[in-house]
Asker: 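Below you will find the structure I want to go over with you.
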2 protein chains.
Amino acid sequence: MTLSQTQHPDPAHDHDHCVHTALTTAAHLCTARGVQLTPIRHQVLELIWESHKAVKAYELLDRIKPLKAAAKPATIYRALDFLISQGLIHRVESLNAFIGCRCSGRSHEQLLLICKHCQQVEERTPEIMLKALAKELQSAQFVAHSKAIEIHGICKQCADKA
Amino acid sequence: MTLSQTQHPDPAHDHDHCVHTALTTAAHLCTARGVQLTPIRHQVLELIWESHKAVKAYELLDRIKPLKAAAKPATIYRALDFLISQGLIHRVESLNAFIGCRCSGRSHEQLLLICKHCQQVEERTPEIMLKALAKELQSAQFVAHSKAIEIHGICKQCADKA
DNA sequence: TAAAAAGATGTTATGTTATAACATTAGCCT
DNA sequence: AGGCTAATGTTATAACATAACATCTTTTTA
């Protein structure tokens, strides 16, 4: 059991690779699960993966309109609900926004590090902390269904620049 | 360093005591800090402390109207902003709602256990977990400004009843 | 293969949460 | 009195999200 490794936001990383991995993994998972990654859902997922910044539902709506002029809020929210239910994206509660999930289909307890400066969100799965949390919940006799652990602050890259 | 003790929601607890403690502590803290716990702010704080359930801004608005017919959304949100800035309440990000803070003026990293059944929110300060989190943040070289750790599930009391 | 069921999307309307912007008031300091 | 700051009043609107019902498409099954 170790501390999780830094995954983002590295300004030099190959983002096309992130996107490609996310989309192909999503496609495989949906096939394996017998659920449909329809064109709308795929487009929304792709838009979310355009960057590592959390993106708002109405931003997605604006950005999908060139492709789908008839898109309405429900169009987006339904796609988001699906993607969340499949663990392909996360909702960032403290921002009312959404980010792509880097570990779809696995684990699903994550720490989100949200940079106030660059808006990028880093997802981590810090095992030691999560074990301690599990223990705390056990001691409280609280049965957890979902967990939101969201830290706002300044990421290393932005701190270095300043 | 130990696991934090259960504080709530205990159906048999003396809630008048909670309220009294919260309000007198708030008054003292504000005096000490040279900030004003005005009538509006006091009323909002009192309304929030009516229970251990998270309460929505517009619920507060409805409930304050008998006392203050002219109350508007801004009336409430400004009071909430003040109370949050003084650490007297917490915003529950995942509910868009607010709860009274049990440890005003102290610490301020807290775990919120949110019961889906009774809606009550328990605030804990689990030292082991928070140390592990601090270590994780350090390893990520992320400078935290604020932390939201919110767990949704079923509390002991509701689990026992079922 | 036709009918039924389930899943996805279209469409309209509305509900909910939150803030901006500017005016007014109250208390305090000089 | 004049000027400052903090708080509140007031109007309007922005931002976020869902309900409800219609339609279409795919799969199931009688």
Side-chain angles (χ1 to χ4, degrees), chain A residues 26-27 29-31 33-45 47-48 53-65 67-86 88-99 114 119 148 150 152, chain B residues 26-27 29-45 47-48 53-65 67-86 88-99 114 119 148 150:
Chain A
L29 279 171
C30 288
T31 302
R33 292 170 180 170
V35 297
Q36 303 173 54
L37 189 62
T38 61
I40 291 175
R41 292 165 176 178
H42 189 274
Q43 278 164 18
V44 169
L45 183 60
L47 287 173
I48 288 173
K53 296 181 186 177
V55 57
K56 306 248 177 192
Y58 278 71
E59 272 177 59
L60 290 169
L61 182 55
D62 289 342
R63 292 211 257 140
I64 212 171
K65 273 182 175 158
L67 307 166
K68 266 215 142 271
K72 300 279 190 312
T75 314
I76 299 299
Y77 281 105
R78 286 200 280 231
L80 291 171
D81 286 347
F82 171 83
L83 295 170
I84 289 169
S85 75
Q86 296 302 317
L88 300 172
I89 64 172
H90 295 298
R91 179 179 162 83
V92 186
E93 299 290 352
S94 52
L95 293 178
N96 297 331
F98 304 85
I99 54 162
I114 301 154
Q119 277 82 251
E150 304 180 0
H152 289 252
Chain B
L29 279 171
C30 289
T31 302
R33 291 169 180 170
V35 296
Q36 303 174 54
L37 189 60
T38 61
I40 291 175
R41 291 165 177 178
H42 188 274
Q43 278 165 17
V44 170
L45 184 58
L47 287 174
I48 288 172
K53 296 181 185 177
V55 57
K56 305 246 176 194
Y58 279 73
E59 273 177 58
L60 291 169
L61 182 55
D62 290 342
R63 292 212 256 139
I64 212 172
K65 272 182 177 159
L67 306 166
K68 266 216 141 272
K72 301 280 188 314
T75 313
I76 300 298
Y77 280 105
R78 286 199 281 231
L80 291 171
D81 286 347
F82 169 83
L83 295 170
I84 289 169
S85 75
Q86 295 302 318
L88 300 172
I89 63 172
H90 295 298
R91 179 179 162 82
V92 186
E93 298 290 351
S94 52
L95 293 177
N96 297 330
F98 305 86
I99 55 162
I114 302 153
Q119 276 82 250
E150 303 179 2

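Keep in mind it's a predicted model, so treat the numbers as computed, not measured. All heavy atoms count here, side chains included; hydrogens, waters and symmetry mates do not. In the text below, chain A, chain B and the rest are named by the order of the sequence lines, each starting its count at 1.
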Asker: Which atom names give the shortest non-hydrogen contact between S94(A) and E93(B), and what distance separates them?
Answerer: CA-OE1, 3.5 Å
Asker: How close or far is atom C1' of dG7(C) from atom CG of D81(A), stated in whole angstroms?
Answerer: 14 Å
Asker: Going by heavy atoms in the side chains, are L80(B) and F98(B) under 4.5 Å from each other?
Answerer: yes
Asker: Using whole Å, report how far CD of Q36(A) lies from C1' of dT9(C).
Answerer: 11 Å
Asker: Quick check on DNA chain D: between R91(A) and P39(B), whose nearest nucleotide comes earlier from the 5' end?
Answerer: P39(B)
Asker: Please tell me which of Y58(B) and V35(B) maps to the more 5' nucleotide of DNA chain D, matching each residue to the nucleotide holding its nearest heavy atom.
Answerer: V35(B)
Asker: Using whole Å, what does the distance between atom C1' of nucleotide dG15(C) and atom CG of D62(B) come to?
Answerer: 13 Å
Asker: How long is the line joining OH of Y77(A) and P of dT9(C), in whole Å?
Answerer: 17 Å
Asker: If I take atom NZ in residue K68(A) and atom C1' in nucleotide dA8(C), what distance separates them, rounded to the nearest angstrom?
Answerer: 11 Å
Asker: Under the criterion side chain to side chain contact (heavy atoms under 4.5 Å, CB included), I'd like the reasoning laid out for I64(B) against T75(B): C-alpha separation, chi angles, the key distance, then a yes or no.
Answerer: CA-CA 10 Å; I64(B) 212 172; T75(B) 313; 5.8 Å; no
Asker: Any donor-acceptor pair under 3.5 Å linking the side chain of R91(B) with the backbone of D81(B)?
Answerer: no
Asker: Considering all heavy atoms of both residues, which atom of L95(A) and which atom of H152(A) are nearest to each other, and what is their separation?
Answerer: CD2-CE1, 3.7 Å
Asker: When you list every nucleotide of DNA chain D with an atom under 4.0 Å from a heavy atom of chain B, which one comes first 5' to 3', and which comes last?
Answerer: dA6(D) to dT11(D)
Asker: Name the nucleic acid region contacted by R78(A), choosing base, sugar-phosphate or nothing; use a 4.0 angstrom heavy-atom cut-off, strictly under.
Answerer: base
Asker: State which residues pass side chain to side chain contact (heavy atoms under 4.5 Å, CB included) with A79(B); sequence neighbours excluded, sorted by chain then number.
Answerer: I40(B), R41(B), V44(B)
